Structures are given as C-alpha cells and as structure tokens.
Participant: 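Sharing a structure with you now.
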Amino acid sequence: MALKFKLQKKDSGMKKKKQALKKAQESFLQDLFRAFRKNKLAVLGGVIVILFLIMAIFAPFIVPHDPYAVEIDLQFYEPSSKYLIGTDMFGRDILSRIIYGSRISLIIGLIPTLISMIVGTVLGMIAGYYGGKIDYFIMRLADIVLAFPSLLLSMVVMYTLGASLLNIFIALSVVGWARTARVVRSQTLSLKEKEFVEGARAIGVSKQVILLRHIFPNCVPSLLVLFTLGIPEAIMSEASLSFLGVGAQPPTPSWGLMVYRGKEFIFSAPWVAITPGIAILIIVLAFNFLGDGLRDAMDPYMKQ
Amino acid sequence: MSDNDVMLSVEGLKTYFFTDKGIVPAVDDISFAVGAGKVLGIVGESGCGKSMTALSILRLIPTPPGRIVAGNILFAGKNLLDLSVKQMHSIRGNEISMIFQEPMTSLNPVYTVGKQVMEVLRLHQNLHKEAARAKAIEMFNLVGIPEAEKRIDTYPHQLSGGLRQRVMIAMALSCRPKLLIADEPTTALDVTVQAQILRLMKNLQDEIDSSIILITHDLGVIAEMCDDVLVMYTGRIMEQADVYSLFENPLHPYTKGLLQSIPNLHKDNESLYNIKGLVPNLLNLADGCKFHPRCEFVQDICIEKEPELFEVTKGHFVRCWKYMG
Amino acid sequence: MGRYIVKRILGAIPILIGVSLILFILLNIVPGDPVALMMKEHISSDVVARVRAQMHLDDPGYVRYFRFLWNALHGDFGMSYKLNRPVASLLLNAFPNTLMLALAAAIFSWIVGIPAGIISVVKKYSFIDYFFMGFALFGVSMPVFWSGLIMQYIFSLKLGWLPAAGFYSPICIIMPAIVLGWSSAGVIARLTRSSLLEVMGNDYIRTARAKGLTEAAVLVHHALKNSFLPVVTIMAIQVASLLSGAVITESIFGVPGIGRIAVNAIQDRDMPLLQGAVLFATFLVIIGNLAADILYSYIDPRIKYD
Ligand SMILES: Nc1ncnc2c1ncn2[C@@H]1O[C@H](COP(=O)(O)OP(=O)(O)OP(=O)(O)O)[C@@H](O)[C@H]1O
Ligand SMILES: [Mg+2]
C-alpha cells in the first residue's frame, strides 16, 4: 500500500517534471538560437562547416579529376583553368585531393572527439557522483594524461600502434577524454547538491537513472561547447601527426600529409604545400568561430 | 528650501538601458533636491531604479547598455552632466562619494584595506604615503574599527562584513565629501551590525556636516535617519514628502502598502502585509498608472492615463488620481 | 607559504610516477616485444640479441618498470639504440635549444597577446576589438607547420632576410619563435580579454571608479592584477602547448631540440630515446604547472596555504 502510493507519487512527479523539462528545453533552444544568430562570425563558421560537410559527402561527384591518378608527365603543373590549384609531384590534381581530404579531416574531427567525449562524460559522472577512491583514481589518471604534451602522447601511441589513419582515432581518443572528464566531474559535483537531485534520491530513484535523467541533461550545454571546440583540435592533431609522418600514410589525401610531402618543393612549387594548409586553416577557423559563438550563447546555461 | 540651501538638485533625469530585448527605462523623469546637511531617503521595492538614480548622479551608469538620456544634475552650481570626464574624476570620491550595498565584493581582494583607503587620500589630497597612512588610521579609528593600526594591513577577506562596511565608510568619508550616497549600506549585514552602522553614519554626518542620500527598501531605516523621502516605483517618484508627513499621512496606496509591510512588534505577526502582485517588468509596463495592476483602489482613469506628480499639501507630492481634482 | 610550496611539490610526485608508468606501459608492455617494434627492417640477430639483453626483456614487466624508474631517478634513461649514446646526455644537450626557443616564443606571445587583450577591453565592442579577436582566432587556427613554411617562403626565399633553417646564430631563432608563439599569442589575447572583462564587471571596479580614479588607473591598478590569475594559469599550460608546438617547429626549422629528438626517435624507431624525450618534456610541463601554482599564491592573498 505504502509502496503503491510512493510509486504513484513518483509517477505524477515525473510527468510534471518531464513537461517542465520539455518547456525549458524549448525556450533554451530559442534563446540559444537568438543569441547565436546575432553573432555573425558564428553564423559564418556554421555556413562554412556545412559547405565542407556537403563537399565531403558528395566528394566523388564534385572532384574534377581522380585524386589518386598518378601522371608523371603532369608533375608540378602550375595552377591553371584545367588544374585550378595545380598538380603535385606525381601529377595528381591537388584540388581533387583537397576535396577528398575534407572527408578525412571531418571524420577525424567528429569520431574520435565523440568517442573521447563519451568516455570522458561517463568517467566524469562516475567520479563526481560516486566520489571516494574511484573518483581519486579517475581524476589522477586525468591529471596524468593532461600532464603530457598532447602531441607527444599521441605520437607515442602512434609509435606503438603503427602509423595509420585508424590508429589516429585511438590516439586522439586516449588523449582527449581527460578534459571532458574534468569538466563533467565538477558539474556533477555541483548538480549532486541541487534540490531536484536530492529529491529524486529521496524518492528512491536509482543512481543510474539520476545520472542519466537529471545530471547528464544539465551537462549538455558544456558538452556541446567542448565538442565543437574539440573538433578543430582533433583536425589539427591529425594534420600535425600526418605532417610528422606518423599519421596517415601515402597516398591518402590527408591535408597534413599533403603539406608534409609538398614541403620539399616549397621553393619550386609552393602551391603543393600551401593550398592544403589553407584548407586546414579554413575548417579549423570555421569550427572555432562556431564553438566560440556557441560558448557565448550558452554562457548563462553553463554558469548555473 | 531656498536655493543656497540646496546641495544637489536633480531635474527630469532619465536613464535608459538599451538592451537586445528593448529599452529599459530604469529611471524615468525624476526630479528631487537634497538640502545641505540633510538626509534624503529613497525607498522602493527591488528593481525600481534606486541604484540607477544614485549611479546616474556620479555618472557611473554602465555604458553600453545604459545611458542618461535627459535631465540635469546640479551640484554646487554646476551641472554634472556638462562636466568633462576629468572634472568628474575630481568630484568622485572627493566631493561626492558612495557606499555600496555589497561590502563582501565592493573591496578589491588583492589589496589591503589600508591601501584602498589611502588610495583615495593620495588621489584627492595629494598626501604622501606616510601622511595618507596616518590619515587612514585616523579614519579607521573614526569609524570605530578596533586595532586600526593592525587592521589597516589586512586583506578584505580577513574582515567581517560589518568591518568591511566600516572600511567602505572610512573610504567614502576620508575626503569629507559634501554629498554621501549610501546605497543600501546595511542590507547585507545582520540586524545588530545594521544598527551600529546606521548610528555611525548619523554621528559622522553631524561631524562632517555632509548631505546624505540614503537608499534602502526598509522604511524603518528611513524613519530613523531621514529628513525627506522619495518613494520610487518603476523608475518614477510615486510620493515625495518630509519624513513626518510621509509617516503621519501616507497618501499613495503603494506607500501605504510599504508601510504596512514593516514588521510591527505591537501587532500580531499575522498582520504582516505585503503588496499583492509582483514588481512589473520594465520592458512592458502597463498603460496608465504603473501601479494600477497591483492597486486596491484602481479606477477606470488609472488604467487609461498616467497621473502627474501632484502637490497635495505644501511639500507633499503624490502621483495618484485619488488626490487629483 | 613554505609549507604550501612543499605540499604542491609532494602532490606532483604521484603524477610524475603515473606519467612514467603510462609511458612505460605504452612503449614496453603494450607492444609485447618492444625490440621487434624497434627493428622493422632486417637486422642481424646478434644486434637483436644484444638489445634484448640490454633491455632485460626476459624479466617480468614490473621488474623492468622498477628498474627503469630506479635508473631514471639516477639520471640514467638508457642508451639511444641508434646513436649509441646515453639518452640523458642527448636530452641535456638539446634542452637549452628547446628552452631558448620556447622562451622566445612565450615572450613573443606575451608581448603581442597581453596588450592586444587589454586594448580590446579598453575599446570593447569597437572595430579594433573585433579585429583583434578575429585575428587572435586566426592565429589559433593556423597550423604551425603551415605558417612555418609560409614564413620560410616569404622571409627566406622571397626577401632573403632570415635563414630558412639551421641553428647557428641568434637570428635563427626569430622565425621559429614567431611561428611557435603566434598561436599562443592568440590564446593569451583572448584569455586576457575575457578575464579582464569579467573582472571589470566586479563590484570593486565600481568602487574604484566611484573613488575618482581615471579609467586607465582603474584598469591598471584594480583590474589587471586580478585578471592575471587566469593568464598566469595559461602561461603554465602554455608550457605543454609550446612543447607540442616545438616538436613541429624544431623539425621544420632544424632546431636541434627535444622535439626534434622525439620526431627523429620515432622515425629511427629508437624507443629509449623517444621514452626519454617524452618523459623529459612531461617533466617540464609538471614543473610549469607547479610554478604557476606558486606564482598564483603570490598574486592572490585569498589562497589558503594549509
Ligand atoms: N545592465 C542593465 N541592463 C538592463 N537593465 C538594467 C541593467 N542594470 C539595471 N537595469 C534595470 O534597471 C532597473 C533598476 O535597477 P536598480 O539597480 O536601480 O534597482 P534598485 O531599485 O536599486 O533595486 P535593488 O533594491 O534590488 O538594489 C532594474 O529593473 C533593471 O531591470
Ligand atoms: Mg540597488
């Protein structure tokens, strides 16, 4: 009898909370949209990101030439109407390679960042909510990972696993989770004390449900910002690793690798090395504009 | 009040905030005067524009988004709004000084309190370091900070709220200002400390002979301290009178509401009364009298047209249709 | 105060041990046979045997780790397998070069970044503000290896002002230092601006203005000191990002520093050298963080020392 009563109460409480949550989410999105739209650079960043996404998805249909076709007699063609930004040392069309390269950069930007965010969020929530030894262990691990200069740590991972695009996923995930874990942990710690969490705990909601339903949604604004700003970092790391020869391997059209392979010819055929770098600059800048605008727009929600 | 008794007179002051969501008229066409050696109280609920009135006088409105859009502020024969930035600097902290509501955060955490008091002295009185220090210690003694010589070298976080507010008072009075603006100087303190600080201000006023604008939302404080009172609501003056008239014969329903909400020891606690409704959002104010949505005596005309400030008896003004013709 | 410093130093020790453990696991345990990983090409079997014996690969992992730790504590990081010289002496020879490069880059980034951030606040929401902040983001988004190439192209090839690579005279450090400091300058400018703006919103700034201080005096005497706290933190974090950046800049400009040692070690599959270089660089980062903590406590009297 008592139990039934408790359940009923919990049920109606939940429903009310859900409605309130839905309403809050709507106005949250509206506010966000309004604040975001005002920031012209953020909108510009968003547009560029979308253009790059379209380019990456439809790459096979847009490229003017086969990005892998080696034509030794076409070596180092200067930019012309046929080869808009010229050809490289194997006579491959650089524009086509840059277009295909956007696939690599975007996948590297999105997937490892997402993986490391998920890992970091789970670990951060566990550390913050359960506290004690597990908290200590997770956070010291994060401290240790953050103590490494990130490029050197990913280089070590690449050395051990071998240079390949797939291993960059792993290397970047290994490096990236720690910061997310720190942020999520501190938010969990403060959310844990809030009335709605204590209330949920008092009516016997399980820990997992509290973490998932009450704590996680409140971390979303910060996570979104971390995610958007994590993407350009990952893109840059991949480019750097590939530039150092421990990332993507030829003939993969990775932008960083293209700069690396082209740098020998910087004085005779500067376009080979310089143009892929411009692509990196543009996409990284676009994501940074986007993430910055997002952070400003979310500022009021992250402070709570 | 004859003209040479007036220390400060504010005429038609309008301070607006130009925000993304619209124009916020934080102070909307208010006029008042502070007599020499007098204490003017400004009272009203949160958000009615008391602090913005005070900051307007010192021209410290955060710009953007805020701006003084109209009015005159006459102080010692000059219109403060016409002064150069440089002239304003020599007035602030010197001829007009201000005490803020939050003693916890109004002092810079990285400097000792002594240094912060000495800063004003060195700025306006050209004192040397040692002379400024001696003067600061003197001020600390004056405001009743025990062990002044030791306390002067402590950091704000090492002092209690009451002591910090005393430091603020020492700082504000150290150049013997002609006008002191105290913006809720005791709100953040507990009751006994409140009484001490108010008594201190009263005593020091007699000694230094300055005028005071005392902002508060506590009518009890007004009754104890002030000569004249402004009752503000939504950036407007609703009622203006000397303190006796206001307490003996409050006219505006809003003033009456505020008076009834003072906790009274002689009556039952149940009679504790609050004005119904909420402080309105300044972005979309009602037409007509701004108080009418919360007023018990609302008539048709209140909804249609806003009343003027109307002199009912000499020196007693009210903005309410009940008393107009 | 002294106790506080000692406490911070003691707190860094577990991190340092953790770093060495993780590094050891990544390089020695995960690969199974680190010697096989080191020697991809065909190499005579007695070399393999020699290196295996040198590394005591037949001992259990934890014994090898503790031996590594013990030796490292005594300044012995093993022998470079390719150069056949002690790792420690190679690193010590390279360290001054990296230090000089990183220091020059850091100074460049402060000279550019801090004033830019301050000017942005003084002129906030003006064209200058937007220009500086857009430019700062631009600096952050520029790949170091790419801006290095561009600099070489312009200043060495086209203008002939500066040597493209090498490390033989002080002017050689100009280009790598600017390239390396550039992105840090962007970070510092943005951080200076945001923390200064935040401080300017504090009540005590209003108090300072009400005292009659000029806007410049408010900024210099009341806001800057408070807003330097996060900037000091970033300066420490800068150590890590400068070292990451140095890996690339040193390779491009041929600076014989720790970063280039690490890259070469990877190319030569010289595991002991790689291990030593990374451990050393991480040690520097931890020292940087420690220094920031201590500096922080000097600036902010509110920090409790117990
Ligand atoms: N920066 C700002 N932007 C927009 N509106 C503002 C800003 N600062 C103040 N206001 C508006 O000015 C109005 C008056 O504020 P003010 O601080 O003067 O109130 P107050 O009477 O001092 O209240 P309290 O008793 O809470 O101190 C408020 O309603 C607020 O909406
Ligand atoms: Mg106020």
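Predicted, not measured: the structure shown is a model, and the values here were computed from it. Reminder, nothing fancy here: chain letters follow the sequence lines and each chain counts from 1.
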Participant: Let's go through Val263(C) and Met155(A) carefully: what are the C-alpha distance in whole Å and the side-chain angles of both, what is the deciding distance for side-chain contact (heavy atoms from CB on, under 4.5 Å) to 0.1 Å, and is it a yes or a no?
Facilitator: CA-CA 8 Å; Val263(C) 174; Met155(A) 275 165 64; 4.0 Å; yes
Participant: Let me confirm one number: the CG-CD1 distance from Leu141(A) to Ile22(C), rounded to the nearest 0.5 Å.
Facilitator: 5.0 Å
Participant: So what's closer than 4.5 Å to chain C heavy atoms on Leu153(A): side chain, backbone, both or neither?
Facilitator: side chain
Participant: What's the shortest heavy-atom distance between Gly18(C) and Ile144(A), and which atoms?
Facilitator: CA-CD1, 3.4 Å
Participant: Might you work through the side-chain contact (heavy atoms from CB on, under 4.5 Å) test for Val144(C) and Phe243(A), ending with a clear yes or no?
Facilitator: CA-CA 10 Å; Val144(C) 172; Phe243(A) 176 83; over 6 Å; no
Participant: Would Ile274(A) and Leu149(C) count as a side-chain contact (heavy atoms from CB on, under 4.5 Å) if you check the C-alpha gap in whole Å, the side-chain angles of each, and the deciding distance to 0.1 Å?
Facilitator: CA-CA 8 Å; Ile274(A) 288 177; Leu149(C) 283 181; 5.6 Å; no
Participant: Of all the heavy-atom pairs spanning Tyr159(A) and Met271(C), show the shortest one and how long it is.
Facilitator: OH-CB, 3.3 Å
Participant: What do you reckon, is CH2 of Trp146(C) surrounded by more than 12 foreign heavy atoms closer than 6.0 Å?
Facilitator: yes
Participant: Could you pull out the closest heavy-atom pair between Leu151(A) and Ser244(C), with the gap in Å?
Facilitator: N-OG, 3.2 Å
Participant: Please find the pair of heavy atoms, one from Thr160(A) and one from Leu26(C), that lie closest to each other, and give the distance.
Facilitator: OG1-O, 2.8 Å
Participant: Shortest non-hydrogen contact from Pro143(C) to Ile280(A)?
Facilitator: CG-CG2, 3.5 Å
Participant: Kindly determine whether Val285(C) and Phe148(A) satisfy side-chain contact (heavy atoms from CB on, under 4.5 Å), including the steps that lead there.
Facilitator: CA-CA 7 Å; Val285(C) 173; Phe148(A) 285 101; over 6 Å; no
